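Scroll down for the structure; my scribbles are underneath it.
Treat the numbers as computed from the prediction; the structure is a model and nothing was measured. Side chains are part of it too, since the values below use all heavy atoms of this structure and drop only hydrogens, waters and symmetry mates.
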Amino acid sequence: MSTRIAFLKGHGTENDFVIVPDPENAVDLPPAAVAALCDRRAGIGGDGLLHVVRSAAHPEAEAMAGEAEWFMDYRNGDGSVAEMCGNGVRVFARYLQHAGLVAEGDLAVATRGGVKRVHLAKDADVTVGMGRARLPEGEVTVVVGERSWPARNVNMGNPHAVAFVADLAHAGDLFAPPPVSPASAYPQGVNVEFVVDRGPRHVALRVHERGSGETRSCGTGACAVAVAAARRDGADPAVTGLPATYVVDVPGGRLVITESPDGEIEMTGPAVIVATGEIDSEWLETVAR
């Protein structure tokens, strides 16, 4: 008789995730199994998977256990491992609240991009401290068809190339990763954001997420876009001494990003748990082979 593995489904601005609670890190989730779970026709469907593990039970997070009880073992929709997912952190925190594992208020979540500070309201948006952006030197170019744009290289714990364009349709279908050069700038691939202006400190984006394709939202991407826009607009908080807040519209909703003069970035947006269920372990073992 097959056993059952609990799962939930959640989203943050329609960036959706399969959530697998596994406090003791006992569920084997090889890349093929994750990809099958995230498959929208043959699986549950999601842009990625949130594996919920106690930090002390995971070799990649045990050093952070003193700061954060829970580790977000995040996987892309193709099964590959990712350093960080901004929308994922909000949904991860909402799951912990939903499960009664944390109360509303402040908590810490361990990720491969470091420990992230989260503020949880009972029925409102979730705010995540996303850390500081790094801006690697060097010119980067993004190409779609016959068009090309200079892009800003921004690292939010994961890599981004931010290109400001005249029309979001110029990004094309985003089925395949847009070519970015030089390849040496992103040896492990890159998330590519195409950005247009909507108004003062108000932008909109489309994004191709590394390992997932075009998604309805990308939290780290929205942060990268806000950082790039602030530098473009002469609003670098480290220079002006004033916080810079940008409204970032994504296909699935809206995020608000604030960068402080000390470089710390906060992201605020919704996080929703929409369903619970069970995975057949025999099926999971079969697709994992």
Side-chain angles (χ1 to χ4, degrees), residues 11-16 47 85-91 124-130 133 135 140-145 147-156 158-175 177-178 180 190-210 212-240 242-261 263-272:
H11 78 92
T13 50
E14 298 181 9
N15 196 187
D16 62 336
D47 293 322
C85 176
N87 287 318
V89 172
R90 295 202 320 279
V91 175
D125 287 349
V126 181
T127 297
V128 180
M130 299 290 287
L135 300 170
V140 176
T141 302
V142 173
V143 179
V144 176
R147 293 186 174 94
S148 65
W149 302 269
R152 190 75 190 236
N153 188 345
V154 183
N155 193 292
M156 287 299 307
N158 57 357
H160 297 267
V162 179
F164 292 92
V165 301
D167 189 325
L168 290 179
H170 292 168
D173 57 34
L174 291 183
F175 294 150
V180 179
V190 62
N191 305 286
V192 183
E193 286 81 26
F194 298 87
V195 188
V196 296
D197 290 299
R198 293 288 191 234
R201 300 202 181 184
H202 183 185
V203 297
L205 68 79
R206 288 178 64 198
V207 56
H208 184 282
E209 285 199 62
R210 176 184 57 171
S212 297
E214 182 172 15
T215 59
R216 300 283 293 168
S217 181
C218 178
T220 56
C223 293
V225 164
V227 168
R231 304 308 184 269
R232 180 200 63 171
D233 297 342
D236 181 351
V239 175
T240 66
L242 299 172
T245 297
Y246 280 78
V247 173
V248 182
D249 290 341
V250 297
R254 175 169 287 180
L255 297 167
V256 178
I257 313 298
T258 298
E259 184 181 9
S260 299
E264 291 291 332
I265 298 168
E266 287 191 340
M267 174 181 62
T268 299
V272 183

*Please round to the nearest 0.5 Å and tell me the distance separating atom CE of M130 and atom CD of E264.*
11.5 Å
*Would you indicate whether the side-chain heavy atoms of C85 and T220 approach each other to under 4.5 Å?*
no
*Supply the atom-to-atom distance D233 CG to D197 CG, rounded to the nearest 0.5 angstrom.*
7.0 Å
_Rounded distance (nearest 0.5 Å) linking atom NE2 of H11 with atom OG1 of T215_ = 13.5 Å
*Checking side chain to side chain contact (heavy atoms under 4.5 Å, CB included) for the pair R210/N158: CA distance, chi angles, key distance, verdict?*
CA-CA 10 Å; R210 176 184 57 171; N158 57 357; 3.9 Å; yes
*Shortest non-hydrogen contact between Y246 and A230, atoms and distance*: OH-CA, 3.5 Å
*Quick one: does D236's side chain have a donor or acceptor within less than 3.5 Å of a partner on R231's backbone?*
no
*Verify side chain to side chain contact (heavy atoms under 4.5 Å, CB included) between V207 and V192, making sure each step is shown before the conclusion.*
CA-CA 6 Å; V207 56; V192 183; over 6 Å; no
*Answer yes or no: is there a donor N or O on one side and an acceptor on the other, between the side chain of S217 and the main chain of G252, under 3.5 Å?*
no
_Side chains of M156 and I265 in contact at under 4.5 Å (non-hydrogen atoms)_ = yes
_side chain to side chain contact (heavy atoms under 4.5 Å, CB included), that's the test. Do R201 and T245 meet it? Break it down for me._
CA-CA 7 Å; R201 300 202 181 184; T245 297; 5.7 Å; no
*With distance as the sole test, does R216 use its side chain to make a donor-acceptor pair with the main-chain N or O of P251 at under 3.5 Å?*
yes
_Please check: side-chain N/O of R198 versus main-chain N/O of D249, any donor-acceptor pairing under 3.5 Å?_
no
*Hey, could you give me each pair passing salt bridge (charged side-chain N to carboxylate O under 4.0 Å, His left out) that has a residue in residues 163-173? Not counting sequence neighbours.*
none
*Return yes if some donor-acceptor pair links the side-chain N/O of N191 with the main-chain N/O of H160 below 3.5 Å, else return no.*
no
*Just say parallel, tilted or perpendicular for the rings of H170 and W149, cut-offs at 30° and 60°.*
parallel
*asked:* Applying side chain to side chain contact (heavy atoms under 4.5 Å, CB included) to V225 and I257, what does each step give before you reach the verdict?
replied: CA-CA 9 Å; V225 164; I257 313 298; over 6 Å; no
*asked:* Please report the interatomic distance CD(E259) to SG(C223), rounded to the nearest 0.5 Å.
replied: 9.5 Å
_From T268 atom OG1 to D125 atom CG, the distance as rounded to the nearest 0.5 Å_ = 7.0 Å
*Do the side chain of R206 and the main chain of L168 share a donor and acceptor less than 3.5 angstrom apart?*
yes
